[in-house]
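Here the structure is laid out as structure tokens; the discussion comes afterwards.
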Amino acid sequence: YTRRWNPDAYLVLTGHGEEPLQSTIDNCDYVNWEELHPLDSGGSVIGSPAQYHSVSKGVRHAKEQGYTHCFKVRGDGIVATPNMVDFGQAIIKEENTKILLTQQTGDLYKFGDCYMYGEIDLLDEIWSEDNPVFHADGLRHTGAGFVKYFAGAHPPVDYDANRQIAEGK
């Protein structure tokens with residue numbers, strides 16, 4: 001669906017495990033697929049909350065291609081929004097922000113990680129493989145990357161709802 005509604009978008013697919021269908025690969029401009037990463041007993045990838053190792057490679061590739069913005073979605077997500085980049089850009093412009101999220105954010109530095117659009121430098125920092133694992137919970141790990149972008153450092157692991165962690169950048 002993403003390609004159908006966004007025929008001119010540059011589509012990057014990254015991930016690991018069972019290889020996607022050839023029809024999916026054929027609809028992408030760039031694919032980086034790896035063997036299944038080690039999983040813990042609960043099925044989460046060990047040492048890679050929110051699959052950030054895979055996402056990082058896709059965001060970095062888009063940045064190397066010269067893109068200034070990126071729409072990051074789950075590989076198994078359905079995107080039926082025509083011109084999704086224009087759609088995302090209109091929202092961040094209207095709201096005068098750097099990022100569009102379509103999933104919950106909130107306490108414990110949680111930051112929705114499934115669908116986001118924003119400046120490529122911001123997404124590159126949030127998803128950077130150079131970031132140490134902040135927390136095994138992918139939402140907390142991703143949120144800590146967001147805080148690091150604006151504050152210059154990860155937030156304290158112990159959450160304090162009253163703590164002012166950063167001024168806008």
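Residues: numbered from 1 along the sequence shown.
- More than 12 heavy atoms of other residues, nucleotides or ligands sit less than 6.0 Å from atom CD of Gln22.
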Salt bridge (charged side-chain N to carboxylate O under 4.0 Å, His left out) evaluation trace for Asp8 with Arg3 | CA-CA 8 Å; Asp8 300 324; Arg3 174 61 74 205; over 6 Å; no

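- The shortest non-hydrogen separation linking Gly143 to Phe111 is CA-CB, 3.2 Å.
- Pro7 and Arg4 make their closest contact through CD-O, 4.0 Å (heavy atoms, listed as atom of the first residue, atom of the second, distance).
- Using modelled atom types, one finds a donor on one side chain and an acceptor on the other under 3.5 Å when comparing Glu129 with His53.
- Sparse packing is recorded around CG of Asp158, with 12 or fewer heavy atoms of other residues, nucleotides or ligands lying under 6.0 Å away.
- Considering every non-hydrogen atom in both Tyr52 and Val133, the closest pair reads OH-CG2, 3.7 Å.
- Here CZ of Arg74 is found 8.5 Å from CD of Gln51. Values are rounded to the nearest 0.5 Å.
- For the pair Trp5/Thr81, no side-chain contact is recorded, criterion being any heavy-atom separation below 4.5 Å from C-beta on.
- Considering only heavy atoms from C-beta on, Val59 comes within 4.5 Å of Val55 through its side chain.
- Judged by distance alone, the side chain of Asn83 and the main-chain N or O of Asp86 form no donor-acceptor pair under 3.5 Å.
- Contact detail for Phe150 and Leu122: the closest heavy-atom pair is CE1-CD1, 4.2 Å.
- Between the side chain of Asn6 and the backbone N or O of Pro82 there is no donor-acceptor pair closer than 3.5 Å.
- For His61 and Tyr10, the distance between ring centers is under 6.0 angstrom.
- Proximity of the aromatic rings of His135 and His141 is defined here by a centroid distance below 6.0 angstrom, and this criterion is not met.
- Judged purely by atom type and a 3.5 angstrom limit, His16 uses its side chain to pair as donor or acceptor with the backbone of His37.
- Checking Thr2, Val31, Asn32 one by one against Leu13, the side chain to side chain contact (heavy atoms under 4.5 Å, CB included) holds for a single residue, Val31.
- Atom-to-atom distance recorded for Ile92:CD1 and His69:NE2 is 4.5 Å, nearest 0.5 angstrom.
- Separating the OG1 atom in Thr24 from the CG atom in Asp76 is a distance of 10.5 Å, to the nearest 0.5 Å.
- In this structure, the side chain of Trp127 does not engage the main chain of Gly145 through any donor-acceptor pair within 3.5 Å.
- There is a path of hydrophobic side-chain contacts, each under 4.5 Å, that joins Val79 to Ile91.
- Residues Trp33 and Ser54 have side chains not in contact (no heavy-atom distance under 4.5 Å, counting atoms from C-beta outward).
- Of all heavy-atom pairs between Pro49 and Gly138, the closest is CB-CA, 3.7 Å.
- Remark: side-chain polar atoms of Asn131 are paired, donor with acceptor, to backbone N or O of Glu125 under 3.5 angstrom.
- Considering Met84, Lys72, Lys98, Gln89 in turn, Gln89 is the only one that fulfils the side chain to side chain contact (heavy atoms under 4.5 Å, CB included) rule with Tyr117.
- Nearest heavy atoms, Tyr115 versus Val73: CD2-CG1, 3.3 Å.
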Decide side-chain contact (heavy atoms from CB on, under 4.5 Å) for Met116 and Leu100; before the verdict, give the C-alpha distance in whole Å, the side-chain angles of both, and the deciding distance to 0.1 Å.
-> CA-CA 5 Å; Met116 59 177 59; Leu100 163 67; over 6 Å; no

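- Once rounded to the nearest 0.5 Å, the distance linking CG of Leu39 with CG of Leu36 reads 4.5 Å.
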Where do Thr142 and Tyr109 land on the side-chain contact (heavy atoms from CB on, under 4.5 Å) test, with the steps shown first?
-> CA-CA 8 Å; Thr142 306; Tyr109 312 114; over 6 Å; no

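- Between the CG atom of Asp121 and the SG atom of Cys70 there is a distance of 11.5 Å, given to the nearest 0.5 Å.
- Taken to the nearest 0.5 Å, the OH atom of Tyr149 stands 10.0 Å off from the CD1 atom of Ile99.
- Around atom CG of Asn96, no more than 12 heavy atoms belonging to other residues, nucleotides or ligands sit under 6.0 Å away.
- Taking a 6.0 Å sphere around CD1 of Ile78, one finds it holds 12 or fewer heavy atoms contributed by other residues, nucleotides or ligands.
- Looking at Lys148, Lys57, Arg60 one by one, the single match for salt bridge (Lys or Arg N to Asp or Glu O under 4.0 Å) with Asp124 turns out to be Arg60.
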